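These numbers come from a predicted model, not from an experiment. The chains referred to below are lettered A, B, ... by the order of the sequence lines, with proteins before strands, and numbering in each begins at 1.
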Protein chains: 2
Amino acid sequence: MNGKIFIIEDEPSIIQLVQHNLEKNGFLVSSSLNGNDGLKELKKFQPDLLLLDWMLPDLSGIEICKNIRKDNNFKNLPVIMLTAKGEEEDKIKGLDSGVDDYLTKPFSFNELMARIKAVLRRSNPNTVSDNLKFDDLMLDRIEKRVFRDGQEIKLGPTEFRLLEFFLTNPKRVYSRDQILESVWPNNVNVESRTIDVHIRRLRQSVNLKNKKELIRTVRSSGYSLI
Amino acid sequence: MNGKIFIIEDEPSIIQLVQHNLEKNGFLVSSSLNGNDGLKELKKFQPDLLLLDWMLPDLSGIEICKNIRKDNNFKNLPVIMLTAKGEEEDKIKGLDSGVDDYLTKPFSFNELMARIKAVLRRSNPNTVSDNLKFDDLMLDRIEKRVFRDGQEIKLGPTEFRLLEFFLTNPKRVYSRDQILESVWPNNVNVESRTIDVHIRRLRQSVNLKNKKELIRTVRSSGYSLI
DNA sequence: TTTAAATGTTACAATTTTGTTACAAATTAA
DNA sequence: TTAATTTGTAACAAAATTGTAACATTTAAA
């Protein structure tokens, strides 16, 4: 799965067209026909990106966007605004209210797709499906497989998520807290030392014999790839 | 200062207009008139965002962008493409090559500004690699690494914090009390002489053989870089 | 020059941090 | 269900870091 996209748009034909095409491209899609419903559904659906119509029967897209930005859970939710208005003034208003990109109807699906990818690549590298590479290591997010120097490495689920996390920003040093935040589900509580054990397991799997160490320990700070 | 923006654009009038307005808005701006110069300057300037013209005398904007994405240092550099071509196909090509946003000439400065803000808002919290530099010394806060003259120097945690502290205001002389306040955790109590020992350790690490002394002792006052 | 204060240097024990292993509980597959 | 895998934590080992004392050297003032 590529990522979850929510659509708030009052024209069913557009929803149908976009939803159908997005699903063909591996996205999970849900939608609402008006602003108030949309805001409710949003919380349930927890999307990775929101497509938002400018003109809606109840709330305007701008109002919804401002609303969303106030909610801590959606502060960083990428939003692409869809609208029939092409006037420059409106674009500025939209971008200033926290919208990430802006698309004028009528638009081609290809352009929408390209913009979605661009926004997702920036905001949530995890949801854009491509392979992560670093040095002689390759992680395939789609097939959930990892290779080093062409040879496949078997990883447990946590080891995989851990490596995936490091690969989104190799070389960057992450504290144990940051690792916990990003690699473990939001509600679980695990000791910070647990990470050390998983690092050890990951190292054991990844450091095929006579290969150089890939994981760097930064004393009193955390870990990074190297 | 708001951030650093680099412009690669072959039309001087546009550079002048954009640069002037950006500077009025608190940005630090530099530019090149062609692709090859631009790629070189980029490394020196280390911008937070790149404005890139589609058509250039030597390389195309697309080529430059792909080039940049291959360079580990600029993998995450936000890019906004400027172009006279408004055709949809081109937009798709641009966004797919790793561009973050796209602006068709002629554009108003206000719209450009709004898009810059939108892109920076999204990209900056992620990975702004802020490096501290002084003389031939470079400290990377993200990767927690220090280089002198290109060669890596291994530092212990306290040595690192100490150097980081000095680098935020090189040349300024800090008293031992000030150093304690800023470099040690708020509650610990250590002898002021302890600092001397850490200074000694830092000196030993940083003064690679036959390199000139970097840390100056200011008798009865404290220490500083020099 | 002599003296006192400030800083440099070294060694080392105590502490902190990380590595490693084993194992029981939890989860998943068969 | 049973068997296999995965997971979190405790316990101990190993390693790195830290603070301080003790002594050496430099500096500035008398």
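Between A:S220 and D:dT17 there is no side-chain polar atom (N or O) within less than 4.0 angstrom of OP1 or OP2. For the pair B:T158 and D:dT18, the criterion of a side-chain N or O lying under 4.0 Å from OP1 or OP2 is met. The side chain of B:W184 places no N or O atom within less than 4.0 Å of a non-bridging phosphate oxygen (OP1 or OP2) of D:dT18.
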Return the polar atom pairs (N/O with N/O) between nucleotides 22-30 of chain D and the protein under 3.5 Å, or none.
unit_1, atom_1, unit_2, atom_2, d
D:dT26, O2, B:R219, NH2, 3.3

Set out, line by line, the N/O atom pairs under 3.5 Å between protein and nucleotides 23-28 of chain C.
none

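Counting non-hydrogen atoms under 4.0 angstrom, B:Y223 reaches the backbone sugars and phosphates but no base. Residue contacts for A:V218: at a heavy-atom cut-off of 4.0 Å it reaches the sugar-phosphate backbone alone, with no base atom in range. Looking at heavy-atom distances under 4.0 Å, B:T194 makes contact with a base.
The aromatic rings of A:Y174 and A:F165 are tilted relative to each other, their planes meeting at an angle between 30° and 60°.
For A:R176, the side-chain hydrogen bond (donor to acceptor under 3.5 Å, both in side chains) test picks out A:D196, A:Y223, with sequence neighbours left out. The side-chain hydrogen bond (donor to acceptor under 3.5 Å, both in side chains) test applied to B:R201 returns no partner, not counting sequence neighbours. Residues satisfying the side chain to side chain contact (heavy atoms under 4.5 Å, CB included) test with A:V190, not counting sequence neighbours, are A:L180, A:W184, A:T194. Contacts of A:D149 classified as side chain to side chain contact (heavy atoms under 4.5 Å, CB included), with partners at least two apart in sequence or in another chain: A:D136, A:K211. For A:D10, the side chain to side chain contact (heavy atoms under 4.5 Å, CB included) partners are A:D53, A:L56, A:P57, not counting sequence neighbours. Qualifying ring-ring contact (aromatic ring centres under 6.0 Å, His included) partners for B:F160, counting only residues two or more places apart in sequence or in other chains: none. When the side chain to side chain contact (heavy atoms under 4.5 Å, CB included) test is applied to B:V29, the partners found at least two apart in sequence or on another chain are B:I7, B:Q19, B:L22, B:E23, B:F27.
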